[in-house]
Amino acid sequence: MISYTLKCDKGHTFDSWFQSADAFDKLHKKGLVTCSVCGAIGVEKAVMAPRVRTRPGDNTDPRPLSGPASAAEQAFAELRRKVEASSEDVGDRFAREARAIHEGDSPNRSIRGSAKPEEARALMEDGVPIAPLPWGRKSN
């Protein structure tokens with residue numbers, strides 16, 4: 001296991017664990033490394049100082065890396081949980097399903113998914129209420 005300090009293109013820094021340096025490189029190349037604060041895909045390794053244990057059992061960082069690093073990150077994670085719990089993931093069918101709901105051809109409900117930029121633009125031009133979510137999609 002290896003821990004990296006990462007920084008997104010919006011300036012947020014956070015720590016994350018990876019199975020190996022190669023594992024990070026593979027995930028990063030596929031666009032699967034996202035900012036834990038804002039969800040941005042533009043994430044790079046940040047300059048960091050290595051942690052060296054001076055004696056067995058010495059853990060100088062009491063904060064678990066699996067938990068939120070700040071109050072803002074915690075609030076963002078809670079927002080994401082609420083949105084995902086209260087909406088249906090329709091995946092690549094988002095544009096079709098949003099239009100069907102708007103036109104009354106599908107039951108009214110909260111949905112989330114992905115749309116190509118031209119699909120999103122057409123929905124907005126037609127008055128379909130949509131909004132981008134500030135995070136990337138989870139991989140299965």
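In this chain, numbering begins with 1 at the start of the sequence shown.
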Identify the heavy atoms of [X] and [Y] that sit nearest to each other, and give their distance.
| X | Y | value |
| --- | --- | --- |
| Ser114 | Asp92 | OG-OD1, 2.9 Å |
| Lys82 | Ser86 | O-OG, 2.8 Å |
| Val43 | Cys35 | CG2-N, 3.5 Å |
| Arg112 | Ser87 | NE-OG, 2.8 Å |
| Cys8 | Ala40 | CB-CB, 4.3 Å |

Say you draw a straight line from [atom1] of [X] to [atom2] of [Y]; how long is it, rounded to the nearest 0.5 Å?
| X | Y | atom1 | atom2 | result |
| --- | --- | --- | --- | --- |
| Leu79 | Leu133 | CG | CG | 8.5 Å |
| Leu123 | Ile130 | CG | CD1 | 5.0 Å |
| Glu103 | Asp126 | CD | CG | 8.0 Å |
| Leu27 | Gln19 | CG | CD | 9.5 Å |

same_hphob_cluster(Phe24, Leu32) at 4.5 Å side-chain heavy-atom cutoff: yes

Within one Ile-Leu-Val-Met-Phe-Trp-Tyr cluster: Tyr4 and Phe14, side-chain cutoff 4.5 Å: yes

Could you tell me if the side chain of [Y] sits less than 4.5 Å from the side chain of [X], heavy atoms only?
| X | Y | value |
| --- | --- | --- |
| Glu73 | Ser36 | yes |
| Glu44 | Leu6 | no |
| Pro129 | His102 | yes |
| Asp89 | Phe94 | no |
| His28 | Lys45 | no |

Short N-O contact, Glu125 and Arg121, less than 4.0 angstrom: no

Presence of salt bridge, Lys29 and Asp25, under 4.0 angstrom: no

Donor-acceptor contact present, side-chain Glu84 to main-chain Arg81, <3.5 Å: no

Donor on one side chain, acceptor on other, Ser3 and Asp15, under 3.5 Å: no

Centroid-centroid distance, Trp135 to Phe76, less than 6.0 Å: yes

Partner set under side chain to side chain contact (heavy atoms under 4.5 Å, CB included) for Glu97, not counting sequence neighbours: Val90, Ile101, Ser106, Arg109, Ile111

